[in-house]
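In this text, all values refer to a predicted model and were calculated from it rather than measured experimentally.
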2 protein chains.
Amino acid sequence: MPRRKSDVGLEPNRRAELLRAAAKLFVEKGFDATTTRDIAEAVGMRSGSPFYHFRSKQELLKAAMIEGLDAGHAQLLSAIDGINDPEAKLRVLVRTHLGTLLEGDCRSPLLVSEARALDDKARAEIAAAFDRYQVPWQETLEALQQADKLASAAPPVRLLLFGMLNWSSHWYRPDGELSVDELADAAVAMLIARPKKTKAQQ
Amino acid sequence: MPRRKSDVGLEPNRRAELLRAAAKLFVEKGFDATTTRDIAEAVGMRSGSPFYHFRSKQELLKAAMIEGLDAGHAQLLSAIDGINDPEAKLRVLVRTHLGTLLEGDCRSPLLVSEARALDDKARAEIAAAFDRYQVPWQETLEALQQADKLASAAPPVRLLLFGMLNWSSHWYRPDGELSVDELADAAVAMLIARPKKTKAQQ
DNA sequence: GAACAATAACCAAGCGCTTGCTTGCTTAAT
DNA sequence: ATTAAGCAAGCAAGCGCTTGGTTATTGTTC
């Protein structure tokens with residue numbers, strides 16, 4: 001029974017709906033602990049119906065990761081659009097990343113740890129999507145180094161930075177004392193040696 | 001059929017053997033993707049035999065995490081024993097932590113993300129073990145702040161630091177260009193504003 | 001514009017397999 | 001004689017996925 005046009009207000013594109021529900025459940029419970037029945041139920045389908053849209057559970061994960069990462073990438077680009085100062089740019093990158101990580105409901109960067117459930121080919125595609133995501137970060141870090149605001153822009157710096165941010169999903173509680181803005185500030189402050197103060201930073 | 005004394009070289013304590021095998025598999029494949037049959041096979045048992053030592057698969061995870069964390073804690077304490085300079089202390093903490101993370105074969109800190117498979121009570125016990133583990137870190141960070149080598153020793157700093165380190169297990173390759181020692185140096189350098197150089201840190 | 005065919009998007013039912021775990025028994029050590 | 005430590009076998013539940021049918025929509029032909 002397909003959706004009628006009279007069912008207004010309901011997402012007509014059930015594929016995207018499945019992707020969002022799957023991403024959310026995969027993040028919350030993990031890939032293996034999430035059953036295809038969970039996903040179907042989350043969008044009001046019967047247990048076998050998701051397989052009309054996706055050939056396998058793995059393909060659902062793969063699509064959720066890639067499309068989620070690309071969406072996040074686009075969000076990053078539009079967020080830094082027009083910003084020239086590299087420090088301000090980094091601040092916006094960090095804030096936006098933490099936003100999709102802690103405030104969104106798909107939170108695709110967290111699914112990295114679930115990629116082990118996929119085969120080599122799928123993992124390669126995901127790695128490519130992640131490379132795209134990292135481009136603006138690396139550019140900004142190099143600009144910061146050029147402006148003498150960063151000691152090094154070697155790859156480990158970028159990776160350590162992502163670690164700081166991504167791991168925060170393990171401990172950050174939105175109802176706690178720390179706001180996401182403050183967290184973003186703390187992360188940026190750890191990276192950048194403030195130019196105005198010298199050795200003794202209060 | 002219990003182990004004979006004549007089976008020299010084989011671990012007599014099969015419980016610890018099970019714990020190590022389970023921790024390794026849980027880290028590699030995740031809790032849900034690891035079957036109790038995998039664990040049994042890894043130590044040369046039949047599929048039902050692990051349940052003589054542990055009441056459930058969850059209890060295996062819980063024990064692996066707590067005993068792994070406490071072992072890591074003891075290793076930390078003995079590693080910093082006799083070191084007074086807080087910067088050297090931090091360096092050793094980071095290096096030791098990365099050692100158990102990237103070079104050990106249990107790597108218990110990585111299992112944090114698998115704790116969601118446990119109930120509230122078990123998670124509370126694990127959180128307590130993690131609190132113990134974090135004590136020397138917080139002490140060292142505060143000593144660093146007192147010595148004006150660190151801008152802030154507020155809790156987020158410690159948590160961001162753990163993020164940097166723990167996340168490295170997602171990308172670090174032991175056969176790559178970067179050694180664990182260099183990685184430890186890079187991580188410490190990101191935290192500490194070098195006192196000898198000022199603004200332009202080359 | 002009515003009749004019909006084709007298609008998209010599901011549902012109902014269930015198949016074969018794997019899972020965590022149990023039970024009853026066996027054997028070596030104490 | 002008792003116990004610690006395991007094996008052999010298997011159960012019930014849950015898993016990913018398939019199959020065949022059903023229905024509203026869309027396109028085509030007369």
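- For the pair A:S49 and A:T35, nearest-nucleotide mapping onto DNA chain D gives the more 5' position to A:T35.
- Nearest to the side-chain atoms of A:M45 among the listed nucleotides C:dC21, D:dG6, C:dC11 stands C:dC11.
- Rounded to an integer number of Å, the gap from CZ of A:F51 to P of D:dG16 is 7 Å.
- Evaluation of atom-type donor-acceptor distances gives a pair under 3.5 Å for the side chain of A:R37 against the base of D:dG16.
- A:L61 has its CG atom 12 Å from the P atom of D:dC17, to the nearest Å.
- Between the CD atom of A:E17 and the P atom of C:dA9 there is a distance of 13 Å, given to the nearest Å.
- At a threshold of 4.5 Å between non-hydrogen side-chain atoms, the residues B:M190 and A:M164 count as touching.
- Rounded to whole angstrom, the span from the CZ atom of B:R15 across to the P atom of D:dA5 amounts to 11 Å.
- Put simply, the side chain of A:Y172 gets close to the backbone of A:V180: a donor and an acceptor are under 3.5 Å apart.
- An OP1 or OP2 oxygen of D:dG6 is reached within less than 4.0 angstrom by no side-chain nitrogen or oxygen of B:R46.
- Look at B:R14 and you'll find a side-chain N or O under 4.0 angstrom from OP1 or OP2 of D:dG6.
- Taking a 6.0 Å sphere around CD of B:E103, one finds it holds more than 12 heavy atoms contributed by other residues, nucleotides or ligands.
- Contact annotation: B:H53 does not reach the phosphate of D:dA4 (side-chain N/O to OP1 or OP2, under 4.0 Å).
- Between A:D32 atom CG and C:dT18 atom P there is a gap of 15 Å when expressed in whole angstrom units.
- The side chain of B:Y52 contributes an N or O atom lying less than 4.0 Å from OP1 or OP2 of D:dA5.
- For B:H97 and B:F162, the ring centers sit closer than 6.0 Å to each other.
- Shown for residues 22-31 of chain B: no residue has heavy atoms falling under 4.0 angstrom of DNA chain D.
- Between the side chain of A:Q138 and the main chain of A:A153, a donor-acceptor pair closer than 3.5 Å is present.
- Computed from coordinates, the B:D38 CG to C:dT18 P distance equals 12 Å when rounded to whole Å.
- Residue B:S47 places its side chain closer to D:dA9 than to any other of D:dA9, C:dA13, D:dG16.
- Using the six-membered ring where Trp is involved, A:Y133 and A:F130 have ring planes that are tilted, between 30° and 60° apart.
- Nucleic acid contact class of B:S56 (heavy atoms, under 4.0 Å, all strands): sugar-phosphate only.
- Rounded to an integer number of Å, the gap from CZ of B:R55 to C1' of D:dA5 is 17 Å.
- Counting only residues at least two apart or on different chains, the ring pair (Phe, Tyr, Trp, His ring centres under 6.0 Å) pairs with a member in residues 31-84 of chain A are A:F26-A:F31.
- Per the geometry, CD belonging to A:E59 stands 11 Å off P belonging to D:dT18, to the nearest Å.
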